[in-house]
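Before any comments, here is the structure.
Whatever order the structure lists them in is the order used to number ligands and atoms, beginning at 1.
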Amino acid sequence: MGKRKLVLREISDPRVLAAMEAVPRERFVPAQYAEDAYGDHPLPIGYGQTISQPYIVALMTQLLELKGHEKVLEVGAGSGYQAAILSLLAHEVYTVERIPQLAEKARQRLRELGYHNVYIRVGDGYEGWPEHAPYDAIIVTCAAEEIPPPLVEQLADGGRLVIPVGESGWSQRLMFIRKRGTELEQREVAGVVFVPLVRGVARPPENAGGRDEP
Ligand code: SAH
């Protein structure tokens, strides 16, 4: 622990670099991985899910072009790490997680660490979080087979959507989409590997013993 050497390659947005420096990544991974929290790779966070490699977190965050006033939606709260990074760079962060136990843990962690502008809900992030739309930026941290239409719908004019698209395995592409009126500007950024976006909220036995959204 304390070896806070992040490998961030060509990431150049100073605000993103500062946020990556500021958030204690070891607090978002299971205790047995704390030593390795700053390594250049993803780590397991339980329930078959993973926290992304720091570089990918930084890359996706940089693509959102946050200046500080934005309302951001994340799909896949997981550990809450990406949400913590976003909370330092935007005004409000809304994040949806389908596994209730992960959502609850992330909520506790974010509260303890003082990230008070993050709101977590248990739900199917494919549907977004319509009550708070439109969003200036949307980040999806699980791979979708297609770009979910509700997310495009909930994106503000000029808004950015960053999402891994493709089947599970090695064929996923990280896509950047910018909404301009009724047009979508789209480009492929990189090849990536993410856990799949799964429709619906996790229920027993998958979440046996867990509790639901408070
Ligand atoms: N951003 C997270 C990484 C999460 S891994 C972090 O910083 O730790 C991807 C997460 O997406 C998992 O927690 C998984 O449960 C969640 N997920 C998958 N499909 C989902 C869906 N339809 N809606 C909401 N969350 C989903």
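Between the side chain of Glu183 and the main chain of Gly181, no donor-acceptor pair closer than 3.5 Å is present. At least one donor-acceptor pair under 3.5 Å links the side chain of Glu97 to the backbone N or O of Gly78. Listed for the Gln82 side chain is no donor-acceptor partner under 3.5 Å among the backbone atoms of Ala77.
Both Tyr94 and Leu161 are members of a single hydrophobic cluster when ILVMFWY side chains are connected at heavy-atom separations under 4.5 Å.
Between Glu127 and Arg199 a salt bridge is recorded (basic side-chain N to carboxylate O distance below 4.0 Å).
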Distances only, to 0.1 Å: what are the N or O pairs between ligand 1 and the protein that fall under 3.5 Å?
unit_1: ligand 1; atom_1: 1 (N); unit_2: Glu74; atom_2: OE2; d: 2.9
unit_1: ligand 1; atom_1: 1 (N); unit_2: Gly76; atom_2: O; d: 2.9
unit_1: ligand 1; atom_1: 1 (N); unit_2: Thr141; atom_2: OG1; d: 3.1
unit_1: ligand 1; atom_1: 7 (O); unit_2: Gln82; atom_2: N; d: 3.0
unit_1: ligand 1; atom_1: 8 (O); unit_2: Ser79; atom_2: N; d: 3.0
unit_1: ligand 1; atom_1: 8 (O); unit_2: Ser79; atom_2: OG; d: 2.6
unit_1: ligand 1; atom_1: 13 (O); unit_2: Glu97; atom_2: OE1; d: 2.7
unit_1: ligand 1; atom_1: 13 (O); unit_2: Glu97; atom_2: OE2; d: 3.3
unit_1: ligand 1; atom_1: 15 (O); unit_2: Glu97; atom_2: OE2; d: 2.6
unit_1: ligand 1; atom_1: 19 (N); unit_2: Val198; atom_2: N; d: 2.9
unit_1: ligand 1; atom_1: 22 (N); unit_2: Asp124; atom_2: OD1; d: 2.9
unit_1: ligand 1; atom_1: 22 (N); unit_2: Val198; atom_2: O; d: 2.7
unit_1: ligand 1; atom_1: 23 (N); unit_2: Gly125; atom_2: N; d: 2.7
unit_1: ligand 1; atom_1: 25 (N); unit_2: Arg98; atom_2: N; d: 3.3

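Note on ring orientation: taking the six-membered ring where Trp is involved, the planes of Tyr81 and Phe28 are perpendicular (angle over 60°, cut-offs 30° and 60°).
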